[in-house]
Amino acid sequence: MIITVQIFLLMMVLAGVGIILFTRNIVHAAYALCLTLLGIAGVYVLVMSELLAVVQIMLYAGGVVILLAFGVMMTNRLRGEKVLSGSNNKWIGRIISVGVFAGLCYLISISPFQTTSVEKNEDQIAQIGVSFLTDHIVAFELIAFVLLVALVGAAYLAKNAADE
Amino acid sequence: MSEQMLTYYLYLAAFLFASGTYIVLTRRSAIFVLIGVELMLNGANVVLASFSQFDPAMNGQIFAIFAVVLTVCEVSIALAILLNIYRKSRVSNLDELNQIGNT
């Protein structure tokens, strides 16, 4: 049963990444990114990170893809034609990315991971909330500050752009 | 969850990271480069989450949630900057962007 789900999620992720790699249309790439991110959310559920899966669907698949679509709308001259974009340095990019992939695969294959079985945590979200406010309180407060700065900064930058 | 399954998830994360590297290195459009950065960050998050299942304190999952929030901030700021650049110099490809400031 679970192998079916795994194969389905793997196909989702691979199809999305393949479309992003081979398309020239930015809008198609944004929707393929949405497919990939939903597949990765499923992977998060399979590795028992349910809260991260929900955050992924809400913030990435909901927010980032919409933001990218708005970015395509605002930064290209739209006159009804397709929004295409080429690439350059193709061979250097292929060599470097295949090298990165081969190196990471080699490191994974030689690393002896010792896995211990942890019993499944039933109230995972409650425990994460408690550890946000106890163990990771500094990071939590800093991320709140960063969110405020990002909000004000993005509004300021967009206001300047609108004034031009 | 066995060790074999863990290495499969790590291979998936390596694939995502390498694809993101290729897109960042080769694409001309700034939006495509942002998509590549998203893929790389997702690869890192998959690694964090797949190791987090062996940790009773779930530190990897918490770090991944922080990383997701930071990525959303980064994308919003980057798109605002791109919008400014486009309004000023009508450029949306990174290789045509050879000057910044009020020129």
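Labels below follow one simple rule: chain letters A, B, ... track the order of the sequence lines, proteins then strands, and each chain is numbered from 1. This is a predicted model, so every value here is computed, not measured.
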What part of [X] lies closer than 4.5 angstrom to a heavy atom of chain B: side chain, backbone, both or neither?
X        : answer
A:Leu151 : neither
A:Ile96  : side chain
A:Leu33  : side chain
A:Ile143 : side chain
A:Leu51  : both
A:Ser49  : both
A:Val65  : neither

How far apart are the C-alpha atoms of A:Ile92 and B:Leu25, what are their side-chain angles, what is the distance that settles it, and do they pass the side-chain contact (heavy atoms from CB on, under 4.5 Å) test? CA-CA 8 Å; A:Ile92 299 174; B:Leu25 286 176; 5.7 Å; no

Heavy-atom proximity to chain A below 4.5 Å, by part of [X]:
X       : answer
B:Ala78 : neither
B:Phe17 : side chain
B:Leu16 : side chain
B:Phe63 : side chain
B:Leu34 : side chain

Hey, could you give me the [atom1]/[atom2] distance between [X] and [Y], rounded to the nearest 0.5 Å?
X        : Y       : atom1 : atom2 : value
A:Ile128 : B:Asn59 : CD1   : CG    : 10.0 Å
B:Arg27  : A:Asn89 : CZ    : CG    : 12.5 Å
A:Arg94  : B:Thr21 : CZ    : OG1   : 15.0 Å
B:Arg28  : A:Arg24 : CZ    : CZ    : 9.0 Å
A:Phe101 : B:Ser19 : CZ    : OG    : 8.0 Å
B:Ser76  : A:Phe70 : OG    : CZ    : 14.0 Å

Test of understanding: clusters of I, L, V, M, F, W, Y form through side-chain heavy atoms closer than 4.5 Å, transitively. Do [X] and [Y] belong to the same one?
X       : Y       : result
B:Val68 : B:Met40 : yes
B:Leu39 : B:Leu48 : no
A:Leu67 : B:Val37 : yes
A:Tyr31 : A:Phe22 : yes

Is there a side-chain contact between A:Gln6 and B:Met5, using heavy atoms and a 4.5 Å cut-off? yes

Quick check: do A:Ser109 and B:Thr7 have side-chain heavy atoms less than 4.5 Å from each other? no

Most heavy-atom pairs under 4.5 angstrom with chain B, which of [options]?
options                             : answer
A:Gly16, A:Ala29, A:Pro112          : A:Ala29
A:Val17, A:Val43, A:Leu14           : A:Val17
A:Leu107, A:Leu37, A:Leu10, A:Ile40 : A:Ile40
A:Val149, A:Val55, A:Leu147         : A:Leu147
A:Val98, A:Leu59, A:Leu142          : A:Leu59
A:Val13, A:Val100, A:Leu52          : A:Leu52

Mind listing the closest non-hydrogen atom pair of [X] and [Y] along with its distance?
X        : Y        : answer
A:Gly93  : B:Thr26  : CA-CG2, 3.8 Å
B:Ile77  : A:Leu157 : O-CD1, 4.4 Å
B:Ala14  : A:Ile108 : CB-CD1, 4.3 Å
A:Val146 : B:Cys73  : CG1-SG, 4.1 Å
A:Val64  : B:Glu38  : CG1-OE1, 3.8 Å
B:Phe32  : A:Ile20  : CE2-O, 3.9 Å

CA sep, side-chain torsions, deciding dist, call: B:Leu6, A:Val47, side-chain contact (heavy atoms from CB on, under 4.5 Å): CA-CA 9 Å; B:Leu6 175 69; A:Val47 298; over 6 Å; no

Assess, by modelled atom type and distance only, whether the side chains of A:Gln56 and B:Asn45 contain a donor and an acceptor separated by less than 3.5 Å. no

Taking B:Leu12, B:Leu79, B:Leu82 one by one, which has the highest count of heavy-atom pairs under 4.5 Å against chain A? B:Leu79

If you tally heavy-atom pairs under 4.5 Å against chain A, which of B:Ala49, B:Ala64, B:Ala57, B:Gly20 wins? B:Ala49

Under the 3.5 angstrom rule, does the side chain of A:Gln127 hit a backbone N or O of B:Pro56 as a donor-acceptor pair? yes

If contact means a heavy atom pair closer than 4.5 Å, which residues of residues 133-141 of chain A contact chain B? A:His136, A:Ala139, A:Phe140

Stepwise side-chain contact (heavy atoms from CB on, under 4.5 Å) check, B:Tyr22 with A:Lys90: CA-CA 8 Å; B:Tyr22 177 73; A:Lys90 271 192 179 175; 4.1 Å; yes

Ring pair (Phe, Tyr, Trp, His ring centres under 6.0 Å) test vs A:Phe113 passes for just one of B:Tyr8, B:Phe51, B:Tyr9, namely B:Phe51

Is the distance between the ring centroids of B:Phe66 and A:Phe132 under 6.0 Å? yes

Full working for side-chain contact (heavy atoms from CB on, under 4.5 Å) between A:Tyr60 and B:Asn42: CA-CA 10 Å; A:Tyr60 265 117; B:Asn42 268 286; 3.7 Å; yes

